[in-house]
Asks: 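First, the structure itself, so that you have it in front of you.
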Amino acid sequence: MLYVMRHGRTDWNAEYRLQGGTDIPLNDEGRQMARQAAIKYKEIPLDICFVSPLQRARETADIFLEGRDIPVIVDDRLREMGFGISEGVDHIFQKPAYPAYSMFKDPAHYVPTDGAETFEELFQRTGEFLQEV
């Protein structure tokens with residue numbers, strides 16, 4: 001069985017900023033979310049935890065697994081999709097001038113630029129992870 005969990009809230013989430021690969025830490029609300037998830041899912045047997053290298057994901061996993069003897073393995077292939085110059089932009093859904101806008105609003109016509117990751121790159125790295133694990 002494979003379970004997928006998203007990281008807890010960050011200040012950029014609260015500000016509606018696009019995070020992508022930018023390494024933003026959890027905020028107090030995000031830490032509380034991880035603690036609540038740990039309580040809610042404590043009976044689920046887990047053998048291992050694979051986590052993104054981003055600090056918000058690692059801290060979420062650490063809080064979620066606290067007190068459990070479950071190994072945590074950081075794997076770069078699990079990092080969030082990179083959005084290049086669109087990262088850090090607030091309210092991206094209202095700003096069609098940014099390349100990431102079309103990724104969310106019209107993904108079939110998304111053209112990544114300025115350091116943004118393509119769907120093919122995303123699928124390649126995450127697909128390799130899933131095949132290997």
Side-chain angles (χ1 to χ4, degrees):
M1 181 68 66
L2 174 68
Y3 297 96
V4 178
M5 182 176 171
R6 187 176 187 269
H7 63 78
R9 194 166 177 84
T10 70
D11 286 343
W12 276 23
N13 292 136
E15 297 166 1
Y16 300 97
R17 291 188 182 280
L18 184 60
Q19 292 177 124
T22 303
D23 202 4
I24 304 302
L26 290 180
N27 61 20
D28 289 337
E29 183 181 358
R31 291 180 190 95
Q32 183 59 32
M33 292 168 78
R35 285 190 281 281
Q36 289 170 340
I39 292 166
K40 184 173 182 176
Y41 300 110
K42 68 182 177 188
E43 299 302 320
I44 294 177
L46 301 171
D47 298 318
I48 194 165
C49 174
F50 293 95
V51 66
S52 160
L54 298 177
Q55 62 182 318
R56 60 186 176 264
R58 291 191 329 264
E59 186 177 6
T60 298
D62 289 344
I63 293 169
F64 181 75
L65 297 172
E66 187 174 352
R68 297 176 77 176
D69 188 24
I70 298 169
V72 176
I73 298 174
V74 176
D75 194 308
D76 192 54
R77 296 171 294 182
L78 297 175
R79 72 187 181 283
E80 291 194 35
M81 186 173 187
F83 296 108
I85 64 167
S86 296
E87 292 188 15
V89 174
D90 64 343
H91 301 280
I92 195 77
F93 299 130
Q94 301 166 6
K95 298 182 176 175
Y98 284 91
Y101 172 90
S102 68
M103 204 279 303
F104 293 104
K105 296 294 187 176
D106 186 15
H109 295 102
Y110 173 57
V111 177
T113 60
D114 299 311
E117 188 172 19
T118 67
F119 284 129
E120 291 78 15
E121 291 167 332
L122 173 69
F123 298 152
Q124 176 69 34
R125 69 178 166 81
T126 57
E128 282 178 8
F129 171 82
L130 289 171
Q131 288 295 322
E132 181 180 310
V133 173

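Heavy-atom basis, side chains included; hydrogens, waters and symmetry copies ignored. In this chain, residues are counted from 1 in sequence order.
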Asks: Just how far is it from atom OG1 of Thr126 to atom CG of Leu78, taken to the nearest 0.5 Å?
Replies: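 Those atoms lie 8.5 Å apart.
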Asks: Going from OG1 on Thr113 to CD1 on Ile85, what distance comes out if it is rounded to the nearest 0.5 angstrom?
Replies: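 One gets 5.0 Å once the value is rounded to the nearest 0.5 Å.
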Asks: In the structure I gave you, are the side-chain heavy atoms of Trp12 and Thr22 within less than 4.5 Å of one another anywhere?
Replies: yes
Asks: Identify the two heavy atoms, one from Gln55 and one from Asp23, that lie closest to each other, and give their separation to 0.1 Å.
Replies: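 The pair with the smallest heavy-atom distance is N-OD1, 2.7 Å.
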Asks: Tell me the closest heavy-atom pair linking His91 and Glu15, and the distance in Å.
Replies: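 So the two residues come closest at NE2-O, 4.3 Å.
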Asks: What are the two closest heavy atoms between Glu80 and Glu117, and how far apart are they?
Replies: O-OE1, 4.2 Å
Asks: Do Leu46 and Leu65 touch side chain to side chain, with heavy atoms closer than 4.5 Å?
Replies: yes
Asks: Salt bridge check: are Arg17 and Asp11 linked by an N-O gap of less than 4.0 Å?
Replies: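 No, no charged N to carboxylate O under 4.0 Å.
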Asks: In terms of relative ring orientation, are Phe50 and Phe129 parallel, tilted or perpendicular, with 30° and 60° separating the classes?
Replies: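 Aromatic pair Phe50/Phe129 classed perpendicular.
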Asks: Could you tell me whether the side chains of Gln124 and Glu120 share a donor-acceptor contact shorter than 3.5 Å?
Replies: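 Distance-only check fails for Gln124 and Glu120.
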Asks: Identify the two heavy atoms, one from Phe64 and one from Met5, that lie closest to each other, and give their separation to 0.1 Å.
Replies: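 That would be CD1-CE, 3.7 Å.
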Asks: I want to check something: taking the side chain as every heavy atom from C-beta on, are Glu128 and Asp75 in contact at a cut-off of under 4.5 Å?
Replies: no
